[in-house]
Protein chains: 2
Amino acid sequence: MTSVDPSVIADVPLFAGLSRAEHEDMLRDAKAIRVAKGRPVFAQGEAAHSFFVLVHGHLRVMKLTPDGQQVVVRFVVPGEIFGVACAIGCKAYPATATAVIDSVVLVWPSAVWPELIARWPALASRAMHAIGGRLQEAHTRVVEMSTRQVEQRVAHALLRLVQQAGRKLDKGVEIAFPITRQDVAEMTGTTLHTVSRILSAWEERGLVEGGRQRIVVREPHQLFILAESSPGASS
Amino acid sequence: MTSVDPSVIADVPLFAGLSRAEHEDMLRDAKAIRVAKGRPVFAQGEAAHSFFVLVHGHLRVMKLTPDGQQVVVRFVVPGEIFGVACAIGCKAYPATATAVIDSVVLVWPSAVWPELIARWPALASRAMHAIGGRLQEAHTRVVEMSTRQVEQRVAHALLRLVQQAGRKLDKGVEIAFPITRQDVAEMTGTTLHTVSRILSAWEERGLVEGGRQRIVVREPHQLFILAESSPGASS
DNA sequence: GACCCGATTTGATCCATGACAAAGACTCTG
DNA sequence: CAGAGTCTTTGTCATGGATCAAATCGGGTC
């Protein structure tokens with residue numbers, strides 16, 4: 001468990017440019033753990049003792065409101081660092097991360113973070129870059145939620161998923177992990193009913209292909225046009 | 001212009017714990033500039049050559065959508081660092097920051113950031129902490145936009161404003177800078193009409209007191225209850 | 001194959017809130 | 001004080017989506 005093959009982080013952008021020896025050094029404090037589909041890596045409210053890098057699999061990060069509604073904050077794809085915004089400062093994880101397929105994550109104790117960045121200052125700026133990117137994404141999402149209507153939000157969400165986790169098929173691009181209408185609804189602030197109706201309409205127009213926990217985007221460009229068009233522009 | 005009184009940053013949390021000599025050192029690369037009410041500090045899309053700390057005043061940060069709608073991302077209060085998420089990595093500012101009252105900001109060239117954090121590593125983790133807090137706030141807002149209806153969102157927004165920029169009055173707490181119904185609408189993803197109606201209703205119940213570009217919260221606790229109550233809970 | 005369970009589809013209805021319109025109210029200026 | 005410009009209030013109407021309800025589908029299990 002404790003000894004980790006350094007090659008697993010060879011293509012983590014966060015650690016790019018470090019030598020193999022340095023990789024080994026970083027992994028000294030890390031553990032690799034397997035997380036079965038559906039199981040949480042950490043839960044909202046739990047003490048934030050660790051930060052993580054996803055090696056294999058896909059995670060869904062979601063927040064739970066006081067009255068029990070869920071919102072999907074994002075999906076984590078391999079190579080990403082997560083649970084780190086809190087490593088410095090917050091006591092508890094602000095969200096829950098669960099595996100949508102069997103996954104492998106590297107775990108470091110939060111306590112080693114200062115030591116790691118002391119040894120590799122580039123790590124700090126890369127982490128900051130990652131967090132900055134997420135901040136922008138979050139702001140973009142706020143703007144979208146404020147100004148776009150449901151169909152456009154769903155279009156954007158799908159395009160983002162395709163970009164982050166698209167698997168090329170001859171028919172189009174498939175989202176590489178199981179995803180339900182409910183998930184999409186929780187990403188876009190609507191209901192699974194509305195998402196279902198929208199996808200059905202798109203399917204009729206040949207833009208996407210549906211399925212159980214499965215979405216294939218056939219015409220990303222058409223979807224993009226749909227996402228960008230101003231609310232009143234459709235005839 | 002170039003020489004800045006070190007005392008101005010004495011109570012910037014980002015620089016807390018540094019000696020006066022260190023303050024002077026940091027300010028060597030900085031300029032202080034005055035920004036008149038209504039003028040921009042930087043504009044969305046502009047090359048991000050600088051990062052900033054607000055010394056006096058208040059700024060509104062907003063994003064403009066392709067079709068011309070505005071969304072208020074946040075208000076900057078004195079002591080906060082801003083425009084830094086981009087200092088590392090983005091070329092252009094992702095939003096526009098304008099002064100809502102006459103303000104004073106410190107300006108550093110983005111290029112000195114690596115040098116500054118090399119000299120004071122604590123700066124990196126504090127900045128990261130600040131960005132992390134903003135990320136959480138943004139996520140909270142996404143959750144709110146997804147799950148709460150307008151009245152609750154407006155309640156939350158007001159409470160946040162009161163917390164960040166509240167000025168204690170004997171009648172209640174006043175938001176310390178001029179703010180329009182339109183501003184609140186752009187913070188909560190609704191229209192100024194709806195905000196006006198909501199504030200009128202609250203005013204009738206004695207929860208707030210309105211005015212031109214002015215909002216006084218009389219009963220923060222009542223507002224809080226309103227903000228938290230689940231959608232269907234009101235009789 | 002029969003059954004079960006979660007995911008999806010589709011219909012019908014209702015309502016919060018956006019859109020449009022118009023009339024005050026306040027502030028500043030000359 | 002008149003006039004202009006900006007904010008704010010309030011009314012009416014239209015509608016995008018939420019909600020409620022129910023059928024159907026697809027996959028896995030015994």
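FYI, side chains are in, hydrogens and waters are out, and symmetry mates aren't considered; it's all heavy atoms of this structure. Since the model is a prediction, treat every value here as computed from it, not as a measurement. Order of the sequence lines fixes the chain letters, A, B, ..., with proteins taken first and strands second; residue numbering starts at 1 for each chain.
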Can you check the [X] [atom1] to [N] [atom2] distance for me, whole Å?
| X | N | atom1 | atom2 | value |
| --- | --- | --- | --- | --- |
| A/H193 | D/dT24 | NE2 | C1' | 15 Å |
| B/R148 | D/dG17 | CZ | C1' | 19 Å |
| A/R153 | D/dA18 | CZ | C1' | 12 Å |
| A/R197 | D/dA22 | CZ | C1' | 12 Å |
| A/Q182 | D/dA18 | CD | C1' | 13 Å |
| B/Q149 | D/dT19 | CD | C1' | 12 Å |
| B/I198 | D/dT8 | CD1 | P | 14 Å |
| A/R181 | D/dA18 | CZ | P | 16 Å |

>> For a 4.0 angstrom threshold against heavy atoms of chain B, report the outermost contacting nucleotides of DNA chain C in 5' to 3' order.
In response: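 Reading along DNA chain C, I get C/dA16 to C/dT27.
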With the threshold set at 4.0 Å, does a side-chain nitrogen-carboxylate oxygen contact exist between [X] and [Y]?
| X | Y | result |
| --- | --- | --- |
| B/E186 | B/R60 | no |
| A/E144 | A/R153 | no |
| A/E209 | A/K171 | yes |

>> Nearest to the side chain of B/T180, heavy atoms from C-beta on, is which of D/dT8, D/dG16, D/dT10?
In response: D/dT8
> Are A/T190 and D/dG17 close enough that a side-chain N or O sits under 4.0 Å from OP1 or OP2?
Replying inline: no
>> Donor-acceptor pair, distance only, cut-off 3.5 Å: does the side chain of A/T98 make one with the backbone of A/G38?
In response: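 No: the side chain of A/T98 does not pair with the backbone of A/G38.
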Within the 4.0 Å heavy-atom criterion, would you say [X] contacts the bases, only the backbone, or no part of the nucleic acid?
| X | result |
| --- | --- |
| A/S196 | base |
| B/G210 | nothing |
| A/L199 | nothing |

> How are the rings of B/Y93 and B/F52 set relative to one another: parallel (under 30°), tilted (30 to 60°) or perpendicular (over 60°)?
Replying inline: tilted
> Between B/E151 and B/W202, is a side-chain hydrogen bond (donor to acceptor under 3.5 Å, both in side chains) present by the stated rule, with each step listed?
Replying inline: CA-CA 10 Å; B/E151 187 172 29; B/W202 287 350; 2.9 Å; yes
> Taking for each residue the nucleotide of DNA chain D with the nearest heavy atom, is it B/E203 or A/G189 whose nucleotide lies nearer the 5' end?
Replying inline: B/E203
> Nearest nucleotide by nearest heavy atom, which residue falls closer to the 5' end of DNA chain D, B/E204 or A/E151?
Replying inline: B/E204
> Do you know the tightest heavy-atom contact between B/V12 and B/G79?
Replying inline: CG1-O, 3.3 Å
